[in-house]
Amino acid sequence: MTGTPPQPHPSHLVVVGGGMVAARLVEALRARDTAGTWRISVFAEESRRPYDRVALTSYFTARDPDELALGDPALWEDPLVEFHSRCAITAIDRGARNVTDRLGRVHAYDQLVLATGSSAAMPPIPGNDTPGVFVYRTIDDVAALRGWVEKIRRPEAWEGDWERPVRGAVIGGGLLGLEAAGALKALGAHATVLQQGTHLMNAQLDLGGGEALGRLIRAMGIAVRCNASTRAVRPSRRTGNVGHLDLGGAGRLDADVVVVATGITPRDELARAAGLPVGERGGVVVDETCRTPDEHVWAIGEVACVNGRCVGLVAPGYAMAEVVADRLLGGEATFPGADTATKLKLQGVDVASFGDAHAETPGSVELVHSDPLAGVYKKLVVSDDARTLLGGVFVGDASLYPALRPLLGTELAGDPGLLLAPAGAADAPDLELPDDATVCSCNNVTAGTIRGAVTEQGCTDLAGVKACTRAGTSCGSCLPLVKKLTTTELERAGVAVSNALCEHFDLSRAQLFDVVRVAGLTTFSEIIARFGLVPEGAADAGRGCDICRPTIASVLASLHGGHVLEGEQAALQDTNDHALANLQKDGTYSVVPRIPGGEITPEGLLVIGQVAKDFGLYTKITGGQRIDMFGARLEQLPHIWRRLVDAGFESGHAYGKSLRTVKSCVGSTWCRFGVQDSVGMAIELELRYRGLRSPHKIKLGVSGCARECAEARSKDVGVIATDKGWNVYVGGNGGFTPRHATLLAEDLDDATLLRTIDRFLMYYIRTAERLQRTAAWVEEYEGGLEAIRAVVLEDSLGIGADLDAAMDRHVAGYADEWRGVLEDPQKLRWFNSFVNSPTTADPELAHVSERGQLRPATAAEHSRAVEATRAAGGAVPAGPVLIAGTQLEVRR
């Protein structure tokens, strides 16, 4: 309830710590405290508001830390919430019930919550303070690591020519260590993971799973050494920085940078100093309500020691935050226990485990499917009667993880071994979830809550269920299961879950695309005759509607090319496509010539300027690095196009569901930070995909370095230069629901980049629904981005060559639509304001001069202009008329 007016004397809650769990506590308490009984003060050690540590690795490619910010920014503007950054608490006085901050200020509290989290563990290795040794815990840690690697990659940092790559070592082969190794690789370093145990992720995976993971990690180009203990870090004699590591057994590993990822240590020093009990291995001891022996002090997250242990995962921390919020408002919630399920977030590696992964339960049975050639290892742990699910391990294929994790501790229907069989080998047992099964552990959302969102809250789609329940809004790993539950419940409730395009077609756009492609149909008449729905009592399916007609027009354009105003195609287009220009509110049109990559010559600028001047058009630079000219009448469009086409311009497709722009920075051509020619690549991409008709508009961006001046990650496809090539991101967009694009592939050469984008766009065109942006398509696609990545990069469906050929046909068949009109007298007949008088202008158009340019008149201004016309004798004036100090122009 952000914005709730404070009560006259609300109680004061002090939260020590500004991390993810602290943010969840504040969010949960404010959402439930409708009476405003609590005011909250949060004291954070870092300079930033709470951010997503789970996604910390993405900061290597996203330079803006705000991209990791958690939740609604409005929460921190709430009058009942105060957030103190860079203001660590240094002491707790439990007797006086106050805390002291680093500036010496004292703050009284009614209740105190310790959410101080943990720090990265640093083993007592000699030389661990050598320059070049880093931990991997905060944004500042990541920024420092990245800055170090970038610095030592520069030749001037070394004597003479230094051409070898940066050598990175990661001490620790757990979740965080593997993510750190992936980050080093993304920075262009050679990474070696040193694991003291027998296999990677030994806390989560058994030996078989760990060995399968090791093969996958090595296939990524990351070296792995197991049973490797680090004895010392040795500096380089020449630089004093990290030079090599001494390993057990007289081994040695040369390194220029070392990341230590050996675990975490609870930040319990404040509690110790205040006399609160701590666990044997650290952490503030709390009961099942997350309260300490002091009735005014609570602890949540990684610093809390529950049942003798601390848990370094975000989901249990969120659950603790919800418990404390409930208790502070008089509830009786208790901590349900720690969900230790984990999923590795590393590109190209699909790993997950949950429950009793090591089969430590007495009498438990392990069911294993291993395919080393395919890089797949799957294991289920069940009770001795093979009925109750106790745990699981998935490496290389974690598709079962979202559905099985909520069933932990329940009886499975049928033979659980069939779940591990290869797809199509046998009928898998039913995985119906009980209502109390937790589907989203990050937000503690059960299957029953999701079903209730449909049956009781009236949600009819995935987006509504997410907004209502918060399921899938954190890490997102549960989204496929949330979608399945939503669809199933809608069907049970008698709500028709239909993907039908409209009343004339009982097919979705994606299905329609496929049947038209397979059947080889080329006209709307053929399509509706064969696949259209015939109303009862009607002779045929009719002529369609405003939904199916332009959709099929787009499908035909994507499949067969050709001019959109050719033959029957012309009648299918909506207003903007009819005119090959965007209709404006006053009935005039805007004209946007293509300016690939934003690069334009002075001569080109002069032509556009002269055209705008001669036709009296309002001009504006767009956000996509083009020039928009407003106020052109329909009959003027061909004359404007003629001038532009003769000067070498073509349609910028500002009007269609197609490629709009490819934005770029100046890249290595001019910028001293640029590492690749972003302008050249942007031009190549724009010329390649121009005119590509799709379910929705498409925007691309190309940045010449990781500073991201072209804002590529806000685009449907974003390309960011690296020293080794290009990283490509997909599924971003601005608009009503802004989304950041997600990394699809990295360090691609030019040819591989083009093939990757070709396949992504063409697969999107074939499978997306009507008016579905790439962001929504990626999110709702079965299996999400990982499944799309498999299609695009690994050709998992065996259609890669077909997608390549389809894009090749588009590129070869492209023709400028403006030029096509100018060269065809029949098409030119579309561009008349009046059928019986082709050269007559609309007499009702009126414009106002403002800031040196014309704009459409308001209704009141238009009325005054008409009155002035009548007062002048009824003739439409040829030039501007000045009325009451406003310059009005009724234009011929």
Problem set entry | Aromatic plane relationship, Phe354 with Phe394 - under 30° parallel, 30 to 60° tilted, over 60° perpendicular | parallel
Problem set entry | Any Thr138 side-chain heavy atom under 4.5 Å of Glu46 side chain | yes
Problem set entry | Non-hydrogen atoms of Gln204 and Ala357 that approach each other most closely | O-CB, 3.3 Å
Exercise. Around atom CZ of Arg215, are there more than 12 heavy atoms of other residues, nucleotides or ligands at under 6.0 Å?
Worked result: yes
Exercise. Is Leu114 close to Trp298 at the side-chain level, that is, under 4.5 Å between some pair of heavy atoms?
Worked result: no
For this session: Without swapping roles, check the side chain of Asp33 against the backbone of Trp38 for a donor-acceptor pair under 3.5 Å.
Result: yes
Exercise. Do the non-hydrogen side-chain atoms of Leu404 and Leu380 ever get within less than 4.5 Å of each other?
Worked result: yes
For this session: May I ask you to decide whether Glu45 forms a salt bridge with Arg267, counting only side-chain N to carboxylate O separations under 4.0 Å?
Result: yes
Exercise. Do Glu322 and Arg327 meet the salt-bridge criterion of a basic N to acidic O distance under 4.0 Å?
Worked result: no
Problem set entry | Validation row: Val311, Val306 side chains within 4.5 angstrom (heavy atoms) | no
Problem set entry | Residue pair Gln111 / His296, side-chain donor-acceptor N/O under 3.5 Å | yes
Exercise. Under a 4.5 Å cut-off applied to non-hydrogen side-chain atoms, are Leu29 and Leu329 in contact?
Worked result: yes
Problem set entry | Exam field: side chain Asp356 to backbone Thr361, donor-acceptor pair closer than 3.5 Å | yes
For this session: Search all heavy atoms of Phe335 against all heavy atoms of Pro316 and return the closest pair with its distance.
Result: CE1-O, 3.6 Å
Exercise. Does Arg24 make a cation-pi contact with Tyr318, if we ask for NZ or CZ under 6.0 Å from the ring centre and within 45° of the axis?
Worked result: yes
For this session: Under the side-chain hydrogen bond (donor to acceptor under 3.5 Å, both in side chains) rule, what do Asp287 and Thr289 come out as? Steps first, then yes or no, please.
Result: CA-CA 5 Å; Asp287 60 19; Thr289 71; 2.6 Å; yes
Exercise. Are the side chain of His740 and the backbone of Gly731 linked by a donor-acceptor contact shorter than 3.5 Å?
Worked result: no
Problem set entry | Salt-bridge contact Arg272-Asp268 (side-chain N to carboxylate O under 4.0 Å) | yes
For this session: Consider only side-chain N and O atoms of Asn227 and Gln196, and report whether a donor and an acceptor are under 3.5 Å apart.
Result: no
Exercise. For Val285 and Gly279, which heavy atoms make the closest approach, and how far apart are they?
Worked result: CG2-N, 3.6 Å
For this session: May I ask you to say whether Arg137 pairs ionically with Glu302, meaning some side-chain N is under 4.0 Å from a carboxylate O?
Result: yes
Problem set entry | Close side-chain approach of Val259 to Val135, heavy-atom, < 4.5 Å | no
Problem set entry | Atom of Tyr401, atom of Ser353 and distance for their closest heavy-atom approach | CE1-O, 3.9 Å
Problem set entry | Side chain proximity check, Thr265 to Ser118, heavy atoms < 4.5 angstrom | no
Problem set entry | Any donor-acceptor N or O pair under 3.5 Å, side chains Ser383, Asp385 | yes
Exercise. Rounded to the nearest 0.5 Å, how far apart are CG of Leu205 and OH of Tyr377?
Worked result: 9.0 Å
Exercise. Are any non-hydrogen side-chain atoms of Leu213 and Leu178 less than 4.5 angstrom apart?
Worked result: yes
For this session: Taking atom types as modelled, find out whether Thr767 and Trp777 have a side-chain donor-acceptor pair closer than 3.5 angstrom.
Result: yes
Exercise. How far does CG of Asp206 sit from CD of Glu211, to the nearest 0.5 angstrom?
Worked result: 9.0 Å
Problem set entry | Whether Glu779 side chain and Ala776 backbone form a donor-acceptor pair below 3.5 Å | no
For this session: Output the distance between atom CG (Leu216) and atom CD1 (Ile222), rounded to the nearest 0.5 Å.
Result: 11.0 Å
Exercise. What closest approach, in Å, do Leu490 and Cys459 show between heavy atoms, and which atom pair accounts for it?
Worked result: CD2-O, 3.8 Å
Problem set entry | Heavy-atom closest pair, residues Leu408 and Gly391 | CD1-N, 3.7 Å
Exercise. Are the side chain of Asp384 and the backbone N or O of Ser364 linked by a donor-acceptor pair below 3.5 Å?
Worked result: no
Seminar exercise, completed: Value for NE2 (His199) from SG (Cys226), rounded to nearest 0.5 Å, stands at 8.5 Å
For this session: Salt-bridge test for Glu280 and Arg309: reply yes if a basic N is under 4.0 Å from a carboxylate O, no otherwise.
Result: no
Seminar exercise, completed: One should read off an interatomic distance between Ile40 CD1 and Glu27 CD, to the nearest 0.5 angstrom, of 11.0 Å
Exercise. Donor-acceptor pair, Thr455 side chain versus Arg451 backbone, under 3.5 Å?
Worked result: yes
For this session: Please say whether more than 12 non-hydrogen atoms of neighbouring residues, nucleotides or ligands are located less than 6.0 Å from CG in Asp371.
Result: yes
